[in-house]
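Residue numbers start at 1 and run along the sequence shown. Computed from a prediction, not measured in an experiment: that's the story for all the values here.
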Amino acid sequence: QVQLVESGGGLVQAGGSLRLSCRASGRTFPRYGMGWFRQAPGKEREFVVAISGSGVSTLYADSVKGRFTISRDNAKSTVYLQMNNLKPEDTAVYYCAWGDTIGTSRDPADFGSWGQGTQVTVSS
């Protein structure tokens with residue numbers, strides 16, 4: 001089992017930046033892929049970005065490409081999500097997830113462990 005704890009959410013004005021962190025603990029070997037998903041009120045959970053276990057491969061949703069950057073520090077068992085040029089439509093609860101393989105995936109079914117979520121609110 002892997003436990004995930006997110007941090008870094010908050011309230012920011014449109015055009016601003018936030019950096020989310022997600023620390024993994026427990027059975028973190030082998031180094032599987034990780035991802036970020038988000039869920040806005042009244043909407044389904046959607047894929048944001050994923051990173052492979054090695055950190056070499058990444059996968060982004062079109063809506064965040066060029067604005068968000070994912071990275072990971074395996075020595076700290078932590079993944080980061082740098083979010084720049086935030087828009088009101090980025091407002092959601094952001095969830096960190098631990099994958100079931102070393103690669104990347106957009107499918108929530110490929111992630112077996114989830115964090116509790118952190119709220120990101122972008123005001124216009």
Visitor: Do F47 and L4 land in one hydrophobic cluster if side-chain heavy atoms of ILVMFWY residues count as linked below 4.5 Å?
Guide: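 As far as the 4.5 Å side-chain criterion goes, L4 and F47 are not connected within one cluster.
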Visitor: Indicate the ring-plane relationship of F68 and Y94, choosing parallel, tilted or perpendicular according to the 30° and 60° boundaries.
Guide: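 Aromatic pair F68/Y94 classed tilted.
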Visitor: For D107 and F111, work out which heavy atoms get closest and say how close.
Guide: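 Shortest heavy-atom contact: O-CD1, 3.3 Å.
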Visitor: Apply the test side-chain contact (heavy atoms from CB on, under 4.5 Å) to residues E6 and S21: give CA-CA distance (whole Å), side-chain angles for both, the deciding distance (0.1 Å), then the verdict.
Guide: CA-CA 6 Å; E6 302 103 331; S21 299; over 6 Å; no
Visitor: Mind checking whether M34 and Y32 sit in one hydrophobic cluster, side chains of I, L, V, M, F, W, Y counted as touching below 4.5 Å?
Guide: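 M34 and Y32: one cluster.
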Visitor: Quiz question: by atom type and distance under 3.5 Å, do the side chains of N84 and S17 form a donor-acceptor pair?
Guide: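 Yes, because at least one side-chain N or O of N84 sits under 3.5 Å from a partner of the opposite role on S17.
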Visitor: Mark yes or no for whether R23, through its side chain, and S77, through its backbone, hold a donor-acceptor pair below 3.5 Å.
Guide: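 Not at all, since once roles are kept as given, no pair shorter than 3.5 Å links the two residues.
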Visitor: What I want to find out is whether D90 reaches K87 closely enough, with some N-O distance under 4.0 Å, to be called a salt bridge.
Guide: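 Salt bridge flag = no for K87 with D90.
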Visitor: Go through the side-chain N and O atoms of T91 and E89 and say whether any donor and acceptor fall under 3.5 Å apart.
Guide: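 The criterion, which ignores hydrogens and geometry beyond distance, is not satisfied for E89 and T91.
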Visitor: Does NZ or CZ of R38 lie under 6.0 Å from the centre of the six-membered ring of Y95, at an angle within 45° of the ring axis?
Guide: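 The answer is no; the distance or angle limit is not met.
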Visitor: Is it the case that the side chain of R67 and the backbone of N85 share a donor-acceptor pair, with hydrogens and angles ignored and the cut-off at 3.5 Å?
Guide: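 Between the backbone of N85 and the side chain of R67 there is a qualifying donor-acceptor contact (under 3.5 Å).
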Visitor: Would R27 and F29 count as a cation-pi pair here, with the cationic atom under 6.0 angstrom from the ring centre and within 45° of the axis?
Guide: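 So R27 doesn't make the cation-pi contact.
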Visitor: Applying a strict under-4.5 Å side-chain criterion to I, L, V, M, F, W and Y, I'd like to know whether L20 and V12 cluster together.
Guide: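 Yes, same cluster.
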Visitor: Counting distance only, does the side-chain N/O of S63 pair as donor-acceptor with the main-chain N or O of A61 below 3.5 Å?
Guide: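 The answer is no, because no donor-acceptor pair under 3.5 Å joins these two groups.
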Visitor: Taking everything shown except L11 itself, do over 12 heavy atoms lie less than 6.0 Å from its CG?
Guide: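 Yes, because the 6.0 Å sphere around CG of L11 holds more than 12 heavy atoms from other groups.
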Visitor: Give me the atom names and distance for the closest heavy-atom approach of S124 to P88.
Guide: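 The answer is CB-CG, 3.8 Å.
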Visitor: Could you walk me through whether C96 and V79 pass the side-chain contact (heavy atoms from CB on, under 4.5 Å) check?
Guide: CA-CA 9 Å; C96 174; V79 66; 3.9 Å; yes
Visitor: Under a 4.5 Å side-chain heavy-atom rule over Ile, Leu, Val, Met, Phe, Trp and Tyr, are F37 and L18 clustered together?
Guide: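 Per the 4.5 Å side-chain linkage, F37 and L18 are not co-clustered.
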Visitor: Please confirm whether the backbone N or O of E44 pairs with a side-chain atom of Q39, one donor and one acceptor, at under 3.5 Å?
Guide: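 The answer is no, because no donor-acceptor pair under 3.5 Å joins these two groups.
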Visitor: Could you state the interatomic distance from CG (L81) to OG1 (T69), rounded to the nearest 0.5 Å?
Guide: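 Reported to 0.5 Å precision, the distance equals 8.0 Å.
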Visitor: If two hydrophobic side chains count as joined below 4.5 Å and joins carry through other members, does I70 share a cluster with V5?
Guide: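 The answer is no; the residues belong to distinct hydrophobic clusters.
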Visitor: Is there a side-chain contact between Q1 and S113, using heavy atoms and a 4.5 Å cut-off?
Guide: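 Yes, side chains in contact.
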Visitor: Quick check for you: to the nearest 0.5 Å, what is the distance between T28 atom OG1 and Q3 atom CD?
Guide: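 Atom-to-atom, T28:OG1 and Q3:CD are 10.0 Å apart.
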Visitor: Is it true that a side-chain atom of S52 and a backbone atom of G103 form a donor plus acceptor pair closer than 3.5 Å?
Guide: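 Side chain of S52 to backbone of G103, a donor-acceptor pair under 3.5 Å: no, none is there.
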Visitor: Below 4.5 Å, heavy atoms only, C-beta onward: do M83 and W36 meet side chain to side chain?
Guide: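 M83 vs W36: side chains apart.
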Visitor: Using modelled atom types and a 3.5 Å cut-off, is there a donor and acceptor pairing between side-chain atoms of Y60 and backbone atoms of A50?
Guide: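 A pair under 3.5 Å: no.
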Visitor: Hey, what do you get for CH2 (W114) to CH2 (W98), rounding to the nearest 0.5 Å?
Guide: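 Rounded to the nearest 0.5 Å, the CH2-CH2 separation comes to 14.0 Å.
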